[in-house]
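Accompanying notes for the structure given below.
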Amino acid sequence: MKVLVVGGGGRCHAIVDALRRSPKVEKIYCAPGNAGIAEMAENVPLKDTDVQGLLAFAQDKGVDLTVVGPEVALQAGIVDEFRLRGLRIFGPTAAAARIETSKEFAKELMMRHGIPTAAYRPFDDYRAAMEYVASRPLPAVLKYDGLAAGKGVVIARSMEEAEAALRDMLLDDRFGHGRVIVEDYLEGPEFSFMCFVSGSQVWPMPLAQDHKRAYDGDQGPNTGGMGAYSPVPFVSEEERRFALNEIMKKTAAALVLEGLPFTGVLYGGLMKTKEGIKVIEFNARFGDPETEVVLPRLKSDIYDIFAGVAEGRQLEEPVWDERAALGIVMASEGYPGACGKGFPIRGLDTIDDPDIRVYHMGTAASEGGVVTAGGRVLIVVGRGETLASARLKAVEGVGRVECDKLFYRKDIGAAALEF
Ligand code: AMP
Ligand code: GLY
């Protein structure tokens, strides 16, 4: 089978790596891919949002199955377009992906179906939003209703902060003209629950936890994720089952009921609060960097899962490895702000331990070898019987990467190890 993976970060590298383990897959294309992916797939110089270009490529090469990584491609309607032309594709339609691309849609769906989440109100008027914020306890959580590259959520701890954020979102149209959700602030540890979903069929993946802040001790600005690990010891089996039945399965069933059956990966960003597990957000795709620590634990053939979901077939329950995985992201100095690129990375070829995997997030090939391409550059994933031993492997791998323009967090998984 020939498979096309759309995307080019660490998440896609992990998807390509999992596909490579399938005996059914003979050829993998990745658009646009990156320097690490190029070692196991053929990179195709097409943008992830170039739906017509990707469609023409898939038809021309006789691609049997396409797998979509990033949400921008889903929002661009890639799944709708491929299906219309009779091509098999793994991912939700643009309408079903609204569970991620519109916060208000997701909130209304949860309210209609009794899925636990923070109380909220939507606003398009700045003054009305300010009045509502003033009537509730601080902090206030302000969310721009649309894709904002992870920058659309502000936790306002004072009225001044709320005013500045709402001004940005509603008066100055920083992310485009749109609406804002104001919701209650919840407290507790967060974790990610990804499930393969095909209509009302739901197959859970192991839980993972991301680390969103840039620096140790959860300090500094929010990022796309500085590391992750799986499993998550602070969530009990009972709590996991609640999240599976009362959140993930209920949401999949709700989407079917509302005529928007979901196919692909449904990602629940969940919080363990004192009042139980609640939804912070949904995504309509694999999480990044959670995928890089979850897919290495998959023992079943991922091609069968992707193809089964894409065709709406009854699937067998995927089998997962008990062993833990922990990934440390190495990012360019300055990230998530402006950062340089083109710096050489050495030492990658000295890693030949099966329990250390390096996925490329933002790299490019140059004449002298692999160089940084800005932002998050690599994720080094360690495997082990326990999270502690997985972490030692990840740390060992990080130590082998030679590039003095990268930084990383030294406390990935620390809270789980203390648990
Ligand atoms: P989101 O993009 O909705 O996941 O929000 C980004 C981050 O903001 C989340 O990972 C949380 O850490 C935080 N956050 C979002 N909503 C809330 C909330 N209602 N209460 C507390 N923190 C929140
Ligand atoms: N790790 C968070 C996300 O993928 O959105």
Side-chain angles (χ1 to χ4, degrees), residues 7 9-12 14-15 68-72 74-75 97 99-107 110 115-121 133 136-157 161-162 165 169 175 180-195 205 207-214 218-230 232 264-275 277-295 327 329 331 336 359 361 376 379 412 415:
R11 165 178 57 198
C12 286
I15 293 171
V68 187
E71 62 275 18
V72 283
L74 299 170
Q75 196 178 27
I99 192 140
E100 167 165 8
T101 56
S102 166
K103 304 242 182 231
E104 190 173 2
F105 171 81
K107 279 293 199 180
M110 287 188 266
I115 294 158
T117 188
Y120 79 103
R121 286 255 197 105
V133 170
R136 310 285 297 179
L138 288 169
V141 181
L142 314 171
K143 300 186 172 183
Y144 178 75
D145 188 30
L147 292 183
K151 299 192 174 72
V153 177
V154 173
I155 315 269
R157 292 178 193 278
E161 274 176 47
M169 294 181 193
F175 307 110
V180 166
I181 297 282
V182 180
E183 70 176 41
D184 289 354
Y185 179 75
L186 301 177
E187 264 176 302
E190 291 177 64
F191 61 99
S192 310
F193 198 173
M194 299 190 285
C195 296
M205 299 185 221
L207 302 180
Q209 193 186 38
D210 186 5
H211 294 59
K212 287 197 170 131
R213 300 295 202 95
D218 288 331
Q219 300 297 308
N222 259 317
T223 71
M226 293 300 292
Y229 63 85
S230 173
V232 177
V265 172
L266 182 63
Y267 166 119
L270 310 182
M271 187 184 272
K272 178 174 162 166
T273 74
K274 284 202 183 75
E275 292 81 42
I277 300 201
K278 297 194 180 180
V279 178
I280 294 290
E281 65 163 348
F282 281 116
N283 291 325
R285 48 158 178 91
F286 279 111
D288 195 358
E290 291 92 330
T291 303
E292 292 94 308
V293 295
V294 167
L295 286 188
V329 170
Y359 295 124
M361 303 185 97
R376 293 181 298 165
I379 179 167
I412 302 301

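Remember, it's 1-based here, ligands and their atoms both numbered in the order they're listed. Hydrogens, waters and symmetry mates play no part in the numbers below; they use all other heavy atoms, side chains included.
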Quiz item: Do Tyr185 and ligand 1 have an N or O pair less than 3.5 Å apart?
Solution: no

Quiz item: What about Ala118: any of its N or O atoms under 3.5 Å from an N or O on ligand 1?
Solution: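 No, there is no polar N/O contact under 3.5 Å.
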
Quiz item: Is the backbone N or O of Ile412 less than 3.5 Å from a side-chain atom of His211, with the two atoms forming a donor-acceptor pair by type?
Solution: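 Here the side-chain-to-backbone pair does not exist.
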
Practice problem: Using atom types as modelled and distance alone, determine if a side-chain donor or acceptor of Glu292 lies under 3.5 Å from a backbone N or O of Arg11. | Solution: yes

Is there a side-chain contact between [X] and [Y] (heavy atoms, below 4.5 Å)?
X	Y	result
Met205	Ser230	no
Leu142	Val133	yes
Lys103	Glu281	yes
Arg213	Asn222	yes
Glu161	Leu138	no
Tyr120	Lys143	no
Val279	Leu270	yes

Could you list the atoms of ligand 2 found under 4.0 angstrom from a heavy atom of [X]?
X	answer
Asp210	1 (N), 2 (C)
Gly287	4 (O)
Glu290	1 (N), 2 (C)

By number and element, which atoms of ligand 1 are closer than 4.0 Å to a non-hydrogen atom of [X]?
X	result
Lys212	10 (O)
Ile155	13 (C), 14 (N), 22 (N), 23 (C)
Lys103	1 (P), 2 (O), 3 (O)
Glu183	16 (N), 17 (C), 18 (C), 19 (N)

Practice problem: Mark the output for Asp210 as yes if a heavy-atom distance to ligand 1 is under 4.0 Å, and as no if none is. | Solution: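 Flag not set, Asp210 not near ligand 1.
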
Exercise. Report the member of Lys143, Glu187, Glu100 with the shortest heavy-atom distance to atom 16 (N) of ligand 1.
Key: Lys143

Quiz item: Any idea which of Leu142, Asn283, Val153 brings a heavy atom closest to atom 6 (C) of ligand 1?
Solution: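 Answer by nearest heavy atom: Val153.
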
Self-check item: Min heavy-atom dist Arg11 to ligand 2 below 4.0 Å
Solution: no

Quiz item: Would you say Phe286 contacts ligand 2, with heavy atoms under 4.0 Å as the rule?
Solution: no

Self-check item: Glu71 side, atom CD; Asp288 side, atom CG - distance, nearest 0.5 Å
Solution: 9.5 Å

Self-check item: Shortest non-hydrogen contact from Phe282 toward Gly268
Solution: CD2-CA, 3.9 Å

Quiz item: Got the closest protein heavy atom to atom 2 (C) of ligand 2, with its distance?
Solution: Tyr267 OH, 3.3 Å

Self-check item: Closest protein heavy atom to atom 5 (O) of ligand 2, given as residue, atom name and distance to 0.1 Å
Solution: Arg285 NH2, 2.9 Å

Practice problem: Could you say whether the N/O atoms of Asn283 and ligand 2 ever approach to under 3.5 Å? | Solution: yes

Quiz item: Based purely on interatomic distance, does Asp288 place a nitrogen or oxygen under 3.5 Å from a nitrogen or oxygen of ligand 2?
Solution: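 Yes, since at least one N or O of Asp288 sits under 3.5 Å from an N or O of ligand 2.
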
Self-check item: Leu186, portion touching ligand 1 at heavy-atom distance under 4.0 Å
Solution: both

Practice problem: Decide yes or no on side chain to side chain contact (heavy atoms under 4.5 Å, CB included) for Arg136 and Val182, but give the supporting numbers first. | Solution: CA-CA 10 Å; Arg136 310 285 297 179; Val182 180; 5.9 Å; no

